[in-house]
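These values consider heavy atoms only, across backbone and side chains, with no hydrogens, waters or symmetry-generated copies.
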Amino acid sequence: MATKKSFPFGPEDMASGAVPLSDAVKESAQQIWLAGLGAFSKAQAEGGKVFEALVKEGVNMQRKTQTVAEEKITEAAQRMTSAATEMGSRAAGQWDKLETIFEDRVAKALGRLGIPTARDLQALNERIDALTEELAKTRKAPAARATKSAGKTAGKPAHPTPAKKAAPRARKPAAR
């Protein structure tokens with residue numbers, strides 16, 4: 001550690017006139033110059049340390065702000081995702097309602113025009129299937145009866161039946 005240097009002469013020496021004024025000014029200027037050089041040297045030596053400390057604190061601050069910023073970005077992204085999901089579900093619900101209304105109106109219009117619905121066509125197909133089955137049953141039954149009756153009439157002579165003449169057709173009136 002540096003020791004305190006005192007002036008070779010004090011204010012009482014100057015007041016008594018023992019030291020000339022010019023020497024006192026020179027000595028004072030020299031002391032000020034040396035104090036400035038010392039402060040500069042100390043600032044240079046400690047300035048590097050201060051600079052390094054400031055850089056270290058800056059890095060820490062940057063990490064903290066990045067962490068906070070990332071948290072805020074993640075939070076905002078989650079909010080946007082949930083809002084988009086909610087809006088999507090609302091829109092889907094509205095589209096479903098619109099689709100139902102449209103289908104109902106088209107069905108009413110087709111009904112007014114007399115066009116059958118899919119349900120009507122399904123019922124008609126079921127009816128046709130039932131009638132087809134019944135017709136098939138009735139066709140099988142007379143054939144079975146005919147073979148039974150053919151066995152009974154095999155010994156009897158067949159009677160020829162005369163063919164009937166068709167009635168004359170009605171004529172259309174002549175076009176005028």
> What distance do Glu126 atom CD and Gln122 atom CD have between them, rounded to the nearest 0.5 Å?
Replying inline: 4.5 Å
> About how many Å separate NZ of Lys49 and CG of Leu54, when rounded to the nearest 0.5 Å?
Replying inline: 14.5 Å
> For the side chain of Thr81 and the backbone of Ala77, is there at least one donor-acceptor N/O pair under 3.5 Å apart?
Replying inline: yes
> In terms of heavy-atom contacts, does CD of Glu75 have more than 12 from other residues, nucleotides or ligands at under 6.0 Å?
Replying inline: yes
>> Assigning hydrophobic clusters by single linkage (Ile, Leu, Val, Met, Phe, Trp, Tyr; side-chain heavy-atom cutoff under 4.5 Å), is Leu113 placed with Val106?
In response: yes
>> Is there a side chain to side chain donor-acceptor pair (under 3.5 Å) between Glu70 and Gln66? Walk through the geometry before answering.
In response: CA-CA 6 Å; Glu70 287 173 359; Gln66 280 180 334; over 6 Å; no
>> Looking at Lys56 and Glu52, is any side-chain nitrogen of the basic one under 4.0 Å from a carboxylate oxygen of the acidic one?
In response: no
>> For the OG1 atom of Thr138 and the CG atom of Leu135, what is their distance to the nearest 0.5 Å?
In response: 4.5 Å
> Can you tell me how far the OG1 atom of Thr65 sits from the CG atom of Asn60, to the nearest 0.5 Å?
Replying inline: 10.5 Å
>> Between Glu86 and Arg90, is the salt bridge (charged side-chain N to carboxylate O under 4.0 Å, His left out) condition met? List the steps.
In response: CA-CA 6 Å; Glu86 182 181 334; Arg90 283 185 187 175; 2.7 Å; yes
> How many angstroms lie between CD in Glu133 and CD1 in Ile128, if you round to the nearest 0.5 Å?
Replying inline: 12.5 Å
> Going from CD on Gln94 to NZ on Lys97, what distance comes out if it is rounded to the nearest 0.5 angstrom?
Replying inline: 5.0 Å
>> Side chains of Asp129 and Thr132 only: does a donor on one sit below 3.5 Å from an acceptor on the other?
In response: no
>> As a quick check of understanding, evaluate side chain to side chain contact (heavy atoms under 4.5 Å, CB included) for Asp120 and Thr117, giving each step before the final call.
In response: CA-CA 5 Å; Asp120 294 338; Thr117 64; 3.3 Å; yes
